[in-house]
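Atoms considered below: every heavy atom in the structure, side chains included; atoms not considered: hydrogens, waters and symmetry mates. For ligands, and for the atoms within them, numbers begin at 1 and follow the listed sequence.
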Amino acid sequence: MTGARNRSGRGQEAGHSAESYANPRPPVALFGRERGPDRFMLALERVAARIEPVTARWRPGHPPPEPAGDLPVRVARVEHPAPDVASLTLVPVDPGAVLPRWQPGHHVDVVLSGGVVRPYSLSGDPADRSSYRIAVRRIRDGVGSGLVHGLTAGDTVGLRGPRNAFPFSRAERYLFVAGGIGVTPILPMVRAAHAAGRRFRFVYTGRDRGSMPFQDELPETAEGADVFVRPDDEYGIPDADELLTGLTPGTAVYVCGPAPLINALRERVPRGNPFFSERFAPPPVVDGRRFEVRLGRSGPVLTVPEDETALDVVRRVRPETAYSCRQGFCGTCRVGLLEGSPDHRDRPTGGSPRGREFALCVSRADEDRRLVLDL
Ligand code: FES
């Protein structure tokens, strides 16, 4: 996905779910020189690419992969910075080992019990290679968040990544907006901008102060740095115009939060401002046409309506079908494609080639066409 912005929603949007890849620049060492690919990360992703299909190809009736099949880490600490938020500090199982590098906006896929994989933003200090921190708000009936909240110090989980689905680019000025637990990817960005002396405004919204984690980690407001904690119960529900007050041309806008917040801002941010966002939920289907999928060469034929994904439909008859990001970048939902011409809408991240596979969560087919899936 290229271009300064993407308004179509197609094939975009992590953990919560990462939405936009509106990065007009190549990856940079933040506030430094432009840089080429990180060789260590490329090597790691190549290794991950060989491991990843274990989950992607898991089939009903087969035991799910062991959680520690990827990069095993140990839960060193569990804290609760808000009543329904678990903050986990993860350290290498191997004492003295260092964890892969990351930048603000990166997330890791956490391989939980039963092969459930969920992406969570890294919210700690990128300079600390001895530990990662993720924070997860418990969602009612949420499988992934329930499993994370069941973890205790000493437990081991597997990690994949880090991956970059919410790229933090160099800019002279920033507007950061976070809604609730959306603070997790934004917090390292705010710290980085603050440490680099960039001008920025950060508006942190949420239901009430008690529900908004990590307030104690926000940088002090200083010259050029404006931090505004804005609970709804004190200021009312925010609207886009208010949040964008004082936005100057060229200021990069970074948003993470619920879809309505992101959508409202996307509509109001002028075209001269790079816009980047990450959402909690999968994006709506855009330009969807009805098509069919057959599960195996002789299995049932399912119709995928215009406004649903193949993953939605397949999970009704195969509820154990694995998925994670639901946005087309992690590869967890990919299945073999036996026949048919797909409209690939996924965006495989480095080292994870698509091949003859089909990403159930976002990819489609032309109207009334049928795909035969290896399911
Ligand atoms: S669930 Fe991540 S690519 Fe489909």
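- Classified by interplanar angle (parallel below 30°, tilted 30° to 60°, perpendicular above 60°), the ring pair F358/H344 is tilted.
- Between the side chains of R118 and Y323, at least one donor-acceptor pair of N or O atoms lies under 3.5 Å.
- Residues meeting the side-chain contact (heavy atoms from CB on, under 4.5 Å) test with L338, sequence neighbours left out: R297, V372, D374.
- Using cut-offs of 30° and 60° for the angle between ring planes, the Y174 and F168 rings count as tilted.
- Around atom 4 (Fe) of ligand 1, protein N, O or S atoms at less than 2.8 Å comprise C333 SG, C361 SG.
- Within the structure, every pair that satisfies the ring-ring contact (aromatic ring centres under 6.0 Å, His included) test and touches residues 221-253, not counting sequence neighbours, is listed here: F228-Y235.
- Residues forming a side-chain contact (heavy atoms from CB on, under 4.5 Å) with T251 (at least two apart in sequence, or on another chain): R173, L175, L247, T248, N273.
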